[in-house]
Amino acid sequence: MPELPEVETIVRDLAPQLTGHTLKNPRLLKTDVLRKVSRKRLLASLNGHRVASVRRRAKHAVFELDSGLRMVIQPRMTGVLTVYRRRLTQEDRKYAVLLLSLGGGATFMYRDVRRLGTIWLLDERQWHAYTDSIGPEPLEDDFDVQQFAKRMSGSRQAIKKVLMDQKRIAGVGNIYANEALFRARVDPSRPANRLRQDELVRLYGEVRSVLLEAIEANGTTIRDYRTGTDESGSFQSLLQVYGRTGEPCVRCATRLVTTHDIDGRATTFCWRCQDRSD
DNA sequence: ACGAGGTCCTGCGAGC
DNA sequence: TGCTCGCAGGACCTCG
């Protein structure tokens with residue numbers, strides 16, 4: 001799915017096109033993405049309301065309305081959020097979940113092939129309860145290495161799994177967990193609470209730099225991901241391990257290997273550069 | 001508390 | 001060519 005850099009790209013593209021605009025003619029084509037909100041209440045809460053802001057939190061796009069309610073969309077694996085300034089074709093609409101008219105011929109669309117994505121509608125209290133329940137943003141200025149080290153070392157689970165735990169740090173998914181661990185030369189299966197200080201320092205730096213570089217590249221398009229202007233990202237050409245099983249390590253030329261030992265997710269790494277060192 | 005595994009969905013590519 | 005199978009960027013749940 002879109003991870004932090006992809007949702008950040010989407011939100012940067014969408015914000016200028018949505019902020020200050022009044023939403024008209026909301027159409028919900030699929031209801032299985034709704035969580036704790038009825039179709040009727042969602043549509044009524046959108047229709048005629050102005051968008052106050054479009055922001056990212058973790059891997060979610062957050063649309064704050066003038067009513068104070070927030071529509072939160074988690075694109076998960078295959079969700080795409082785009083504003084179109086042309087007439088939509090049948091092909092465009094094939095996987096449409098939510099359509100909103102923005103005026104001036106512009107249309108916002110959330111489409112989602114697998115529909116593992118979700119739409120929430122949260123009031124102020126529910127929003128704060130949620131945002132307080134997940135981890136801090138790794139790219140915030142005040143997210144320092146001590147905070148990172150403390151959050152990682154509180155678990156003896158595999159460091160890769162802990163990196164991807166949204167309750168510990170927000171926004172890191174499978175691609176960037178693989179990349180950051182490779183860059184930091186840390187074995188993904190190491191128990192998080194057994195990393196040395198120097199490894200935690202490296203990992204902290206690499207998590208932040210890989211996320212920043214991916215944002216600069218407008219995210220990673222493997223298959224489904226599109227930016228808010230329906231374009232592909234370009235970070236896929238800069239991946240060093242993810243999707244490169246059997247190819248040579250960029251550092252030592254050893255063939256990269258993939259396991260599914262950690263939480264059943266694909267972990268690609270260099271057993272030589274990321275040797276366990278405990 | 002932890003790990004394992006199932007669940008929600010559809011599409012695609014590999015292999016036969 | 002056409003079929004079945006496993007896998008896919010996520011996160012939630014239950015069970016033992």
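Order of the sequence lines sets the chain letters (A, B, ...), proteins ahead of strands, with each chain counted from 1.
Of all nucleotides in DNA chain C, those with any atom nearer than 4.0 Å to a heavy atom of chain A start and finish, going 5' to 3', at dA8(C) to dA11(C).
Nucleic acid contact class of I175(A) (heavy atoms, under 4.0 Å, all strands): sugar-phosphate only. When heavy atoms are screened at a 4.0 angstrom cut-off, T220(A) is found touching base atoms of the nucleic acid. Among the atoms of the strands shown, only primed sugar atoms or phosphate atoms (P, OP1, OP2) are found under 4.0 Å from some heavy atom of H260(A).
Between Y130(A) and H60(A), the gap from one ring centroid to the other is short of 6.0 Å.
Side chains of K160(A) and T267(A): a donor-acceptor N/O pair is present below 3.5 angstrom, by distance only. With no hydrogens or angles considered, a side-chain donor-acceptor pair links T229(A) and E231(A) at under 3.5 Å.
At least one donor-acceptor pair under 3.5 Å links the side chain of D13(A) to the backbone N or O of G228(A).
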Task: Criterion side chain to side chain contact (heavy atoms under 4.5 Å, CB included) on V62(A) and M71(A), from CA distance to verdict - done: CA-CA 6 Å; V62(A) 182; M71(A) 176 174 70; over 6 Å; no
Open item on the list: Is there a side chain to side chain contact (heavy atoms under 4.5 Å, CB included) between L195(A) and M152(A)? Walk through the geometry before answering.
Closed with: CA-CA 9 Å; L195(A) 294 202; M152(A) 292 299 103; 5.9 Å; no
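In this structure, D263(A) places its CG atom 14 Å from P of dG6(B), rounding to the nearest Å.
A salt bridge is defined here as a Lys NZ or Arg NE, NH1 or NH2 lying under 4.0 Å from an Asp or Glu carboxylate O, and R111(A) with D230(A) meets this definition. Checked for salt-bridge contact, E8(A) and R55(A) miss the test: no charged N lies under 4.0 Å from a carboxylate O.
Ring geometry for F148(A) versus Y204(A): interplanar angle of 30 to 60°, hence tilted. Under the 30°/60° scheme for interplanar angles, the aromatic rings of Y176(A) and F235(A) are found to be tilted.
Nearest-nucleotide positions on DNA chain C for E6(A) and W120(A) put E6(A) closer to the 5' end. Nearest-nucleotide assignment on DNA chain C puts the 5′-proximal partner with M77(A), out of M77(A) and K167(A).
Look at the C1' atom in both dG6(C) and dG5(B): the space between them is 16 Å, to the nearest Å.
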Open item on the list: So if I define the base as every atom that isn't primed, P, OP1 or OP2, how would nucleotides 9-16 of chain B read as a B/S/- string at a heavy-atom cutoff under 4.0 Å?
Closed with: BBSS----
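Remark: R115(A) pairs with D32(A) by the side-chain hydrogen bond (donor to acceptor under 3.5 Å, both in side chains) rule, at least two apart or across chains.
Under the salt bridge (Lys or Arg N to Asp or Glu O under 4.0 Å) test applied with E199(A), the options R185(A), R190(A), R183(A) reduce to a single match, R190(A).
Stem list for DNA chain B (at least 3 consecutive Watson-Crick or G-U pairs, distances under 3.5 Å): B:2-8 with C:10-16, B:10-16 with C:2-8.
Applying the ring-ring contact (aromatic ring centres under 6.0 Å, His included) definition to pairs two or more places apart or across chains, none involves residues 239-268 of chain A.
DNA chain B is contacted by no residue of residues 224-240 of chain A, taking any non-hydrogen atom closer than 4.0 Å.
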